Amino acid sequence: MTNTRSRITATSFGAMKKKGEKIVWLTAYDYYTARALDRAGVDGILVGDSVNMVLYGKNDTLSATMDMMLRHTEAVSRGARNALVIGDMPFGSYQSSDAEAVANACKFLSEAGAGGVKLEGGIEMAARIKRITECGIPVFGHIGLTPQSINKFGGYKVQGKTDAGKNYLLESAQALEEAGCFSIVLEAMKSDIAQEISKALTIPTIGIGAGINCDGQIMVVNDILGMNDDFVPKFVRQYLKQGELIQETAAKFAADVRGGKYPSESESYG
Ligand code: KIV
């Protein structure tokens with residue numbers, strides 16, 4: 001089935017929140033996956049720096065580079081006709097100065113066809129986000145368990161468990177809205193905090209491991225497809241066992257080749 005909706009932009013999401021429409025995001029890293037997600041009618045596609053883990057097999061996102069992110073974002077932009085494509089700014093591409101952050105954010109739009117960028121960080125990153133949005137670049141915020149800060153957190157840990165942690169998240173969400181973010185990812189936090197943030201903000205909150213009361217949800221596409229069964233986080237729902245399916249399919253192909261059953265005459269020329 002082909003999706004015939006018109007192009008979604010960063011400005012579309014505020015109205016969706018007002019109408020109480022749940023917003024659907026998934027990650028993608030390549031052209032065909034983006035095309036399939038777009039045809040399925042997802043609202044937004046994030047080219048996450050999770051690419052470093054789920055496509056390149058790294059243990060964390062920290063070594064993702066601008067070149068890598070731009071290349072994958074460009075492929076996804078080509079596959080998505082309607083969904084908003086957002087490029088994830090990799091670790092080290094926006095932390096050092098406003099000038100470097102703006103220059104790198106611009107590349108996602110001018111070189112990779114994205115409709116905006118995502119970057120991680122709370123109240124401490126608000127001034128930088130304001131500078132980027134002032135340049136006409138839509139910014140998707142990201143607070144909670146921000147994977148680029150795992151060394152600070154001491155691992156992949158649910159955030160907001162103390163009063164101070166909760167206050168930091170509430171203040172950060174407010175600061176990011178004021179800085180001009182069009183939406184904010186809330187990752188791995190207690191559901192009641194995500195609910196409080198979602199009620200307080202006019203921009204939509206998009207949850208991942210943050211409970212049902214966010215304005216929308218985002219998942220890593222490889223997780224819902226069941227590509228990895230080494231470790232499945234509590235919040236992941238696997239709709240497929242793609243890892244097992246690939247293994248079974250490859251085993252069938254191998255058996256056909258080894259048994260002299262592939263290719264048949266109809267699969268051969270002349
Ligand atoms: O990199 C990523 O895929 C993300 C999402 C999980 C929000 O940041």
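The figures that follow rest on heavy atoms only: side chains count, while hydrogens, waters and symmetry mates do not. For clarity, every value in this text was computed on a predicted model and none was experimentally measured. When a ligand or atom number is given, it counts from 1 through the structure's own listing order.
- Judged by distance alone, the side chain of S268 and the main-chain N or O of S264 form a donor-acceptor pair under 3.5 Å.
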One line per pair, note the atom names and distance for all nitrogen or oxygen contacts under 3.5 Å between ligand 1 and the protein.
residue: ligand 1; atom: 1 (O); partner: D49; partner atom: N; Å: 3.2
residue: ligand 1; atom: 1 (O); partner: D49; partner atom: OD1; Å: 3.0
residue: ligand 1; atom: 1 (O); partner: S50; partner atom: N; Å: 3.1
residue: ligand 1; atom: 1 (O); partner: S50; partner atom: OG; Å: 3.3
residue: ligand 1; atom: 1 (O); partner: D88; partner atom: OD2; Å: 3.2
residue: ligand 1; atom: 3 (O); partner: S50; partner atom: OG; Å: 2.5
residue: ligand 1; atom: 8 (O); partner: K118; partner atom: NZ; Å: 3.2

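- Contact check for V42 versus I45: side-chain heavy atoms found under the 4.5 Å cut-off.
- Two residues are said to be in side-chain contact when any heavy atoms from C-beta on lie closer than 4.5 Å; M68 and Y56 meet this criterion.
- Shown here are the side chain to side chain contact (heavy atoms under 4.5 Å, CB included) partners of R78, two or more places apart in sequence or in another chain: Y31, E74.
- For K241, the side-chain hydrogen bond (donor to acceptor under 3.5 Å, both in side chains) partners two or more places apart in sequence, or in a different chain, are Q238.
- For residues 113-127, every residue pair satisfying the salt bridge (Lys or Arg N to Asp or Glu O under 4.0 Å) rule, not counting sequence neighbours, is listed here: D88-K118.
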